[in-house]
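Have a look at the structure below, then the notes.
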Number of protein chains: 2
Amino acid sequence: MNNDKKIINDIEAIPSLVQSKRQIDRYNLDIDAQAILVASRLMAAGAQLGHASEIHFSRFGLSTGRYRLLADLEDYEGEELPSQLAEHLGVTRATVTGLIDILERDGLVSRRLSSEDGRQRSVLLTEEGAKKLREMAPEHFAWLEAMVGLLSIDERSVFLDLLGRVTQGISALTDERSLKPKGNISNE
Amino acid sequence: MNNDKKIINDIEAIPSLVQSKRQIDRYNLDIDAQAILVASRLMAAGAQLGHASEIHFSRFGLSTGRYRLLADLEDYEGEELPSQLAEHLGVTRATVTGLIDILERDGLVSRRLSSEDGRQRSVLLTEEGAKKLREMAPEHFAWLEAMVGLLSIDERSVFLDLLGRVTQGISALTDERSLKPKGNISNE
DNA sequence: AAATTATAATTAGGAACCTAACTATATAGG
DNA sequence: CCTATATAGTTAGGTTCCTAATTATAATTT
């Protein structure tokens with residue numbers, strides 16, 4: 001019986017400190033092995049979470065992106081422009097078009113032409129879409145809460161703080177390459 | 001000039017505490033808003049990191065997966081079976097086949113038939129593959145280190161601990177559905 | 001020994017997100 | 001006015017990873 005297929009994040013897939021050390025030693029680099037371990041673990045956790053999330057939402061006939069779009073729409077009184085959605089979700093407008101296509105096909109949102117600007121199309125949350133969100137809310141939020149269930153309230157605050165700074169670190173790395181910084185990363 | 005396209009993780013894309021509270025209040029759920037915030041932020045961070053990682057590796061003509069395969073190969077004396085690689089990387093064998101295809105095309109690995117078992121094909125790190133790893137090591141590890149550069153040594157330990165428990169939480173959620181646990185998650 | 005079953009790798013096709021090119025509309029400059 | 005340029009959304013095609021089916025070889029069962 002091959003139920004191993006389900007368990008992707010095997011113990012083998014988790015990078016260890018000795019592994020990080022070995023890699024650094026091989027090239028005689030002046031790098032903190034633990035820093036490498038933290039970064040590697042975070043990458044592994046990110047991939048794992050992304051995968052788990054898709055499985056979670058698929059039980060409601062949604063994907064992570066499509067749920068997030070619906071939730072954002074709900075947060076903005078049930079009507080938004082695709083470009084706003086793209087900005088809120090942190091994805092491209094092309095991606096939003098695809099998300100809307102499927103949600104519209106499934107009757108969870110609808111498109112409407114804007115009267116003010118002929119280029120714009122409003123996206124509206126349908127009654128069915130609102131119902132879907134209402135129905136999945138308890139289970140969904142319980143799922144999210146369970147994710148951090150092994151952390152105490154205090155630990156959650158600490159984690160949030162540390163994660164925020166790591167996120168900042170990542171942003172700095174990706175922005176670095178654009179030689180014209182927008183000026184909002186001020187700490188030298 | 002539209003260099004905004006590069007900066008995907010806009011300030012708007014980061015979920016806030018008030019947003020989490022609003023969502024929970026809407027359905028009168030007995031859920032800790034901060035827990036939702038932590039979970040949401042982690043998901044956002046995971047996506048951001050995944051994206052940043054692809055950009056990082058693309059500068060060396062690699063993807064995250066292909067780099068990880070090369071690095072794992074190096075860790076195992078330059079020779080492994082595809083099935084071992086799949087397990088170590090936490091991806092399916094089908095994915096590994098695809099990764100090897102491109103790495104082989106680019107001359108970074110080679111395939112060899114196993115003498116012992118006719119079903120197996122060994123994957124070998126070529127000299128060119130080893131050279132690639134050697135060349136990118138300084139920049140790559142510096143990149144990883146910079147990611148957690150805003151954290152002190154002590155904070156890295158704390159972060160590692162908390163992240164580990166969140167990871168456990170996620171694993172528990174995904175395994176939950178398979179009614180026959182493998183019994184290797186022993187700490188009750 | 002032959003037939004069944006398991007395993008290793010691959011192939012085929014799908015989902016999510018991307019970039020770049022395109023269409024339609026709006027705005028600005030001469 | 002009317003051409004040039006910017007913007008909103010979409011379309012086309014690529015990448016990464018997945019699941020399910022397929023092929024080839026090994027192990028097991030009768």
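These numbers come from a predicted model, not from an experiment. Below, read A as the first sequence line, B as the second, and so on, with proteins coming before strands; counting in each chain starts at 1.
Neither OP1 nor OP2 of dA9(C) sits under 4.0 Å from any side-chain N or O of Arg112(B). The side chain of Ser83(A) places an N or O atom within less than 4.0 Å of a non-bridging phosphate oxygen (OP1 or OP2) of dG9(D). The side chain of Ser63(B) contributes no N or O atom lying less than 4.0 Å from OP1 or OP2 of dT15(D). Regarding contacts with the backbone of dT15(D), every side-chain N or O of Arg66(B) stays at 4.0 angstrom or more from both OP1 and OP2.
Of the candidate nucleotides dA8(C), dG9(D), dC18(D), dC18(D) has the atom nearest to the side chain of Val91(B). Side-chain proximity of Arg111(A) to dC18(C), dC18(D), dT10(D): nearest is dT10(D). Comparing atom distances between the Ala94(A) side chain and each of dA12(D), dT11(C), dG9(D) picks out dA12(D) as nearest.
Salt bridge status for Arg165(B) with Asp161(B): present, with a side-chain N to carboxylate O gap under 4.0 Å. Salt-bridge annotation for Glu127(B) and Arg134(B): present, with a side-chain N of the basic residue lying under 4.0 Å from a carboxylate O of the acidic one. Ion pair Arg68(B)/Asp75(B) not flagged as a salt bridge, since none of the NZ, NE, NH1 or NH2 atoms sits closer than 4.0 Å to an Asp/Glu carboxylate oxygen.
For the pair Leu108(B)/Ile102(B), no side-chain contact is recorded, criterion being any heavy-atom separation below 4.5 Å from C-beta on.
As rounded to whole Å, 16 Å separates atom P of dC17(D) from atom CD1 of Ile55(A). In this structure, Arg93(B) atom CZ and dT7(C) atom C1' are separated by 7 Å, rounded to whole Å. Atom CG of Leu69(A) is separated from atom P of dC17(C) by 10 Å (rounded to the nearest Å). Atom CD of Gln48(B) and atom P of dC17(C) are 16 Å apart (whole Å). Protein atom CG of Leu113(B) is 13 Å distant from nucleotide atom C1' of dT10(C), rounded to whole Å. The interatomic distance linking His51(B) (NE2) with dA16(C) (P) rounds to 17 Å, in whole Å.
If you check every strand for non-hydrogen atoms under 4.0 Å, Thr95(B) touches a base.
Tyr27(A) meets the ring pair (Phe, Tyr, Trp, His ring centres under 6.0 Å) test with no other residue; sequence neighbours excluded.
In the hydrophobic cluster analysis, where Ile, Leu, Val, Met, Phe, Trp and Tyr join through side-chain heavy atoms closer than 4.5 angstrom, Leu81(B) is grouped apart from Val91(B).
Not less than 6.0 angstrom separates the ring centroid of Tyr67(A) from the ring centroid of His56(A). If you look at Phe60(A) and His140(A), their ring centroids are not closer than 6.0 Å.
Looking only at distances, a side-chain donor or acceptor of Glu145(A) sits under 3.5 Å from a matching main-chain atom of Asp32(B).
Asp30(B) CG: 12 or fewer foreign heavy atoms inside a 6.0 Å radius.
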* Asked: Quick one: what's the B/S/- string for nucleotides 23-28 of chain C, heavy-atom cutoff under 4.0 Å, read 5' to 3'?
  -> -BBS--
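In this structure, Glu54(B) and Gln84(A) both approach DNA chain D, and ranking their closest nucleotides by distance from the 5' end singles out Gln84(A).
Residues of residues 96-110 of chain A having a heavy atom closer than 4.0 Å to DNA chain D, listed by number: Thr97(A).
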